[in-house]
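In this text the structure is predicted, and so the values were computed from the model without any measurement. Every heavy atom of this structure was used, including side-chain atoms; hydrogens, water molecules and symmetry mates were not. Letters A, B, ... are given to chains in the order of the sequence lines, protein chains preceding strands, and every chain is numbered from 1.
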Amino acid sequence: MPELPEVETTRAGLAPHLIGRRITAATLRRPDLRWPIPSAITDVLPGQRIADVRRRAKYLLIDAESGSALLHLGMSGVLRVLSPEVVHGRHDHVDLALDSGLVLRFTDPRRFGCLLWQPAGTVHPLLADLGPEPLSDRFDGDYLHRLARRRTGPVKGFLMDQSVVVGVGNIYAAESLFLAGIHPLRPAGAIALARYRRLAEAVRQVLGHAIVRGGTTLRDFLAPDGAPGYFEQELQVYGREGQSCRRCGSGLRAQKLGHRATVWCPCCQR
DNA sequence: CGTATTCCCTGCACGC
DNA sequence: TGCGTGCAGGGAATAC
């Protein structure tokens, strides 16, 4: 389940294969993923050179001359650079052929991902209202504290709101709150500045560490080179319901928040 | 505006 | 062995 570190890992893995290459063809094996794939992908993109591969939030942008292909991996999306001789499977929905002779293949069994088009000089609506990058200078405890003022909902949901800060999904929200010692159900507006400073630092630390580790592998995420990440071995609370806290030994508690599993340590998180 | 809920989709783990 | 059920989850859309 790609969150920001997995997307960043994918970006870094793809970039050397893509930057400077020309796209020679686009093959769609179905017309849509989460949304219809725009005609520009087959009509405009082929023939263009890739200038850069960027990430914004959990989106990947493949910058070509007249615009960018905008990709989201959703829950189960994988991008790989392969020899075109590799036989495609049932969920290999899109191939972008490169002048290197290789293909960029987008696989997504659950089809929560998307492939869209952002014309040069425009910002796609999906990117228009996103919050700051968690690893940028715009994100810190003062910023979180200011934004949380009128929020009465649980801090976990606040932290996962992509208009507040991008890239923090269910796994890293749980881990960051554990590291900061904050109870995930505490109302966002009822947390002091000092604790938000701690939380912002925890988010940076957890995400930064996960990127270094190559992303968390759960179920169906693989990095572009096929090497699984192994951050999951270091998870403190996520997926550990009923087990004991690695720090204090207390039994970890769990509850549904919205539709998301939420796990915390009743002793370490207040 | 903020908050809670629903929905999209498939593969897998589970129980009988 | 096979079937049904529940679950996983990003985030847009919807309803208050």
Do any N or O atoms of the protein come closer than 3.5 Å to N or O atoms of nucleotides 12-16 of chain C, and which pairs are they?
unit_1	atom_1	unit_2	atom_2	d
dA12(C)	OP1	Tyr59(A)	OH	3.3
dA12(C)	O4'	Arg34(A)	NH2	3.2

Using a 3.5 Å distance criterion without hydrogens, assess whether the side chain of [X] forms a donor-acceptor pair with backbone atoms of [Y].
X: Gln236(A); Y: Glu234(A); answer: yes
X: Gln48(A); Y: Glu65(A); answer: yes
X: Arg111(A); Y: His93(A); answer: no
X: Asp63(A); Y: Ala51(A); answer: no

State whether Arg90(A) places a side-chain N or O below 4.0 Å from either non-bridging phosphate oxygen (OP1 or OP2) of dG11(B).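 Yes, such a contact exists.
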Taking only side-chain nitrogens and oxygens of His91(A), does any of them come within less than 4.0 Å of OP1 or OP2 of dC9(B)? no
Hey, what bend do you get for the helix from dG2(B)-dC16(C) to dC16(B)-dG2(C) if you fit axes on five pairs at each end, rounded to 10°? 40°
Output one line per pair: protein atom, nucleotide atom from nucleotides 3-5 of chain B, and distance, for all N/O pairs under 3.5 Å.
unit_1	atom_1	unit_2	atom_2	d
dT3(B)	OP1	Thr152(A)	N	2.3
dT3(B)	OP1	Thr152(A)	OG1	3.2
dT3(B)	OP1	Gly153(A)	N	2.8
dT3(B)	OP2	Arg151(A)	NH1	3.0

Round to the nearest Å and state the distance from [X] atom [atom1] to [N] atom [atom2].
X: Met160(A); N: dA8(C); atom1: CE; atom2: P; answer: 12 Å
X: Glu241(A); N: dA13(B); atom1: CD; atom2: C1'; answer: 15 Å
X: Met75(A); N: dC8(B); atom1: CE; atom2: C1'; answer: 12 Å
X: Glu6(A); N: dA8(C); atom1: CD; atom2: C1'; answer: 15 Å

Hey, can you tell me if Trp264(A) and His183(A) have their rings parallel, tilted or perpendicular (30° and 60° cut-offs)?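 Tilted, since the angle between the ring planes falls between 30° and 60°.
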Would the base of dA8(C) count as contacting Arg110(A) through its side chain, where contact means a donor and an acceptor less than 3.5 Å apart? yes
Basic-acidic side-chain contact under 4.0 Å: Glu201(A), Arg198(A):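 No, no charged N to carboxylate O under 4.0 Å.
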Quick test: give all pairs of protein nitrogen or oxygen and nucleotides 2-6 of chain C nitrogen or oxygen below 3.5 Å, distance rounded to 0.1 Å.
none

Could you see if Leu70(A) belongs to whatever hydrophobic cluster contains Val78(A)? Use Ile, Leu, Val, Met, Phe, Trp, Tyr and a side-chain cutoff under 4.5 Å. no
Tell me the closest heavy-atom pair linking Ser68(A) and Trp117(A), and the distance in Å. O-CE3, 3.4 Å
Could you work out which one of dC9(B), dG11(B), dG10(C) sits closest to the side chain of Arg111(A)? dC9(B)
Please determine, for the side chain of Lys256(A), which listed nucleotide (dG10(C), dA8(C), dG11(B)) has the closest atom?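 Side chain of Lys256(A) sits closest to dA8(C).
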Assert: residue with more 5' nearest nucleotide on DNA chain B, out of Leu147(A) and Phe112(A), is Leu147(A)
Taking side chain to side chain contact (heavy atoms under 4.5 Å, CB included) as the test, write out the residues that go with Gln162(A), two or more places apart.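 Listed in chain order: Lys58(A), Leu130(A), Val166(A).
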Applying side chain to side chain contact (heavy atoms under 4.5 Å, CB included) between Leu61(A) and each of Gln118(A), Arg55(A), Arg11(A), report the one that passes.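 So, applying the side chain to side chain contact (heavy atoms under 4.5 Å, CB included) to Leu61(A) and each of Gln118(A), Arg55(A), Arg11(A), only Gln118(A) qualifies.
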Mind checking salt bridge (charged side-chain N to carboxylate O under 4.0 Å, His left out) for Arg29(A) and listing every partner two or more places apart, or none if nothing turns up?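 Arg29(A): salt bridge (charged side-chain N to carboxylate O under 4.0 Å, His left out) contacts with Asp95(A).
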Check the surroundings of atom CZ in Arg49(A): do more than 12 heavy atoms from other residues, nucleotides or ligands lie under 6.0 Å from it? yes
Can you tell me if CZ on Arg150(A) sees more than 12 non-hydrogen neighbours from other groups inside 6.0 Å?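 Check fails, neighbour count at 12 or below.
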Trace of the salt bridge (charged side-chain N to carboxylate O under 4.0 Å, His left out) decision for Asp142(A) with Arg197(A): CA-CA 7 Å; Asp142(A) 296 63; Arg197(A) 287 181 172 155; 3.0 Å; yes
